[in-house]
Every structure is written in C-alpha cells, then in structure tokens.
Amino acid sequence: MRNKILTSFVLFCIPLTGIASSTYNKLNTDDNRSIVSMWSEAKEETKQKRGKSFQELSRIVDQYANKTLQKGNINSLAIGIYRDGEVYKQYYGVLDSASKQKPNDDTLYEIASITKTFTGALVTRAVLERKISLDDDIRTYLKGDYPNLHFEGTPITIQNLLTHTLGLKDKAPERLALIYQGVREGKYENNAFAYGMPDLLEELKTVELDKKPGTLYEYNSVGPELLAYVLEQVYHKSYKDLVQDFLVELDLSNTHLYEYEKYREQLAISFDENGKIAPLLKNPLLGGSHGMISNLPDLIKFMQFQLENQSPFIKESSRLLFKDEVEGDDKGYLWDVGYGQKEGAYHGKTGTSNGVQSGILICPNSSYGMIVIMNNNSEAAQDDWVHTLQALL
C-alpha cells in the first residue's frame, strides 16, 4: 500500500514535448530573417505553449481531484505541481464533514516517512563534507561493543542504513516493536514514552542478522534513527537542532520536528481505516524516520529546492545506492529512485501516518514535481486516488 501513490505519480509525470523541436524547425525555415528575431519569436511562442500546457495540466488535476472526492472515501486533498518553473497549488474538499473546515496554507500535516528525506539530506551533507563515509561500519559511531552487528564478517554500513538493507532478522527490536504497535493503536496520544534512544542502543546489542547487509531491501525505521544518532556524534549537536538549521537554510518556517502540541490547532484532523479520528504517529526516538509536520507551501519550497538547485548536493542525495532486482525498490539517500521512459530520472517518497497519506515526486530531467496529501488512510481512499489517476491517463 505504501507505494501506490508514488507509482501513480510516476505514471502521471508526463513532460511537455514538441516545444524544442518546433523551435528548431522555425529557426531553419527562413534564411532571410535575423537569427535574433526568429529566436525571440520562438521563445515567446514556447512561453505561450508552456502556459497553455500548464493551464491544461491544472485543469486536469482539478478534474480528477474533484472526481476522486465525489466517491466519498477521501475528505480532502492538497496538491502542488511544479513544471518548468511554474507552480500550481490547490486544496479540495473539507477536512471533516462535521466542521466543514477547508484546508488552506496554514494547515499542517503529518508527513510521516517523508521525514526520512530530510535525514537523507543531512547525511548527504555529512558525506560531502567527509565527516562520514558510506562504507563506514556503523559500530564506529556506537558507544560500547556490538559484536552481533555483522553477518559472516560483513558489517552494517552507513549505506545499508540509507537503503533499508541492514540484514536484520526482525524489522525492530522487541521492545521498540511493541512501542510502534502502541503508537498505531493510540496508546501514546496522551501518554509519555518510557523508551528512548538509549533503550534502542541497548536493544541493538541483542538483535540478530540473518542475511548479508546490502543484499535485501526490508523497509524499517531503525536505520534512519541510527543515522540521526550518527549525525549527532559527528556534528556534536542534537539531531533536532541539525534539522532546524537545515529548515532555516531552506526557509521552511512552517515545518517542524516534534512540535505536535505547539501547533495542534493547525494540525489537520485525519481518519484511519475505519473512518475514526486517527491518533498522531508519534516517535519515541530522535526523529530520523518520522515525526515532522509541514504545510503545502513549505513542501512546495522543498520540491523547488530539489528541482532548481544544480549543486552536487542534490545529485548526490538522489543517486542510486541500491538496486533491488526482486521488487524494484531502488534506493538513494532514503529516497525511492528510478528512471522512466518519459519522465527520465526521478526520486520520490511517500509518508503514511495513522490518518494522513502524503507523497512527493521529483522529476529533474523533465522539470516536473508533484505533491499530494490526503487526510484519510484507508485502503479504499488510496484505491480511489490510484484508479482515478489511471483512468485519466
């Protein structure tokens, strides 16, 4: 279920075509006019075509979003689209049928696993600054002895943490797994955790590896949390402060880590599989895997940063680190990465909290990006989104 929306994004990511070829043809049809004059006209025509194409794209998005809501399984949608420097942002529906409150630019959403992309960004920076290496044995950064963290002599590396290829027999240690289950059940909505990073590090001494690290993809939250811990060790700063510095750098003033209570009035109400108000997906650890909240304008800024920044930082953070030959779950720095015939290279991420489903897709080669957020997390809601999108395509 986690990859449904991301798959749909990739299908929808159809770049504008024909503009470059029409410009080239026009420049080669009239030798009697100046190149400057023809190029100026061609650029203006290109601009007009792009504008019309973008308007058509926006109209199609409005159409399928409204059609999706009419089925009754989704309360509201927030959608942001980027193409060739233009941005389209729109909200649809109401957050809940009782209050009729509509989502807007102030509405904050849990972005769940999209949080991991911020962790990946910070790890990218640490790699480029040569503070850590992808091949580093993670025990280099752990205090104490962990003779169990290898499989037949092959240790877990930073790259394995980034690509969910740790080789662990179980996705999480026993106590942490129970905590995660309790969060899903709402047990910690009004109760504090009796578990933290020191507890995970202690439990880590008891885990078992049953496969060689780097060979099999198994989605988990332990890896990103350990990355957050490693970042604290190399920068001598709390993970939350590292995240905050990065958010300030990107001017994401409405994105926060572990600030549920402070911004509770702005948080979107959301609904679980049974249509009941969903508890927050709280995190007892550092926040490397989930725990951030954000609004649509900030996520659009983050999308633009990914698409418009040409620095080595972006190229490194989105490059392929693990190719999954079985399921096709190719990974970068905690991004899902891939290549499509029409959209070219892409990287994306979906986030699934107890009641919010979110997704972000970045297609640098075709200058395209898309964000979608819905405040329902049922199978029917996700099916509605996918089916409507596929029908329009």
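When a residue number appears, it is its place in the shown sequence, counting from 1.
Y219 and S113 share a side-chain donor-acceptor pair at under 3.5 Å. When only modelled atom types and interatomic distance are considered, S76 and N375 share a side-chain donor-acceptor pair under 3.5 Å. A donor-acceptor pair shorter than 3.5 Å cannot be found between the side chains of Y82 and Q306. Between the side chains of T124 and S317, not a single donor N or O lies within less than 3.5 Å of an accepting N or O. Looking at E225 and S289, their side chains do bring a donor and an acceptor atom within 3.5 Å of each other. In the model, E129 has a side-chain atom that pairs as donor or acceptor with a side-chain atom of Y235 under 3.5 Å. In summary, the side chains of E110 and H290 do not present any donor paired with an acceptor at a separation below 3.5 Å, with no hydrogens or angles considered. Between the side chains of Y217 and E327, no donor N or O sits under 3.5 Å from an acceptor N or O. The closest side-chain donor-acceptor pair between S133 and D135, if any, does not fall under 3.5 angstrom.
By the salt bridge (charged side-chain N to carboxylate O under 4.0 Å, His left out) test, E208 pairs with K169, sequence neighbours left out.
Distance check, rounded to the nearest 0.5 Å: CG of L299 to OG1 of T255 gives 6.0 Å. Note that CG of L226 is 11.0 Å distant from CG of L231, once rounded to the nearest 0.5 Å. Annotation: the span from K276 atom NZ to N354 atom CG amounts to 13.5 Å, rounded to 0.5 Å. Interatomic distance, D106 CG to L296 CG, rounded to the nearest 0.5 Å: 11.5 Å. Here the CD1-CD1 distance, from I371 to I79, works out to 11.0 Å after rounding to the nearest 0.5 Å.
No donor-acceptor pair closer than 3.5 Å links the side chain of D145 to the backbone N or O of P147. With N254 contributing its side chain and T107 its backbone, the two residues share no donor-acceptor pair below 3.5 Å. Between the side chain of N377 and the main chain of S353, a donor-acceptor pair closer than 3.5 Å is present. Using modelled atom types, no side-chain atom of Q357 and backbone atom of Q382 make a donor-acceptor pair closer than 3.5 Å. Looking at Q101, its side chain never comes within 3.5 Å of a backbone N or O of V94 through a donor-acceptor pair. For N309 (side chain) and S311 (main-chain N/O), a donor-acceptor pair under 3.5 Å exists by modelled atom type.
In this structure, the side chains of L257 and L247 stay at 4.5 Å or more apart for every pair of heavy atoms.
Contact check on E86 versus R83 returns no salt bridge, with no Lys/Arg side-chain nitrogen under 4.0 Å from an Asp/Glu carboxylate oxygen. Looking at K89 and D105, a side-chain N of the basic residue comes within less than 4.0 Å of a carboxylate O on the acidic one, giving a salt bridge. The pair K237-D245 meets the salt-bridge criterion, with a side-chain N (NZ, NE, NH1 or NH2) lying under 4.0 Å from an Asp/Glu carboxylate O. Between E218 and K211, at least one side-chain nitrogen of the basic residue sits less than 4.0 Å from a carboxylate oxygen of the acidic one, meeting the salt-bridge criterion.
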For Y229 and L285: C-alpha separation, side-chain torsions, deciding distance, then whether side-chain contact (heavy atoms from CB on, under 4.5 Å) applies. CA-CA 10 Å; Y229 178 80; L285 302 174; over 6 Å; no
Worked verdict on D62 versus Y92 for side chain to side chain donor-acceptor pair (under 3.5 Å): CA-CA 8 Å; D62 288 345; Y92 308 87; 2.4 Å; yes
Test side chain to side chain donor-acceptor pair (under 3.5 Å) on D137 and T140 and set out the steps. CA-CA 6 Å; D137 183 333; T140 304; 5.2 Å; no
Kindly determine whether L161 and I156 satisfy side-chain contact (heavy atoms from CB on, under 4.5 Å), including the steps that lead there. CA-CA 8 Å; L161 299 183; I156 301 173; 3.9 Å; yes
Using the rule given for ring pair (Phe, Tyr, Trp, His ring centres under 6.0 Å), can you reason through Y346 versus Y339, listing the C-alpha separation, both sets of side-chain angles and the distance that settles it, and then say yes or no? CA-CA 6 Å; Y346 66 82; Y339 191 90; 8.2 Å; no
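A tilted orientation is assigned to the rings of F313 and F305, their planes being inclined by 30° to 60°.
In this structure, K212 fails the cation-pi test against F151, since its NZ or CZ atom is not both closer than 6.0 Å to the six-membered ring centre and inside 45 degrees of the ring normal.
Residues in residues 114-141 take part in these ring pair (Phe, Tyr, Trp, His ring centres under 6.0 Å) pairs, two or more places apart or across chains: F118-F302.
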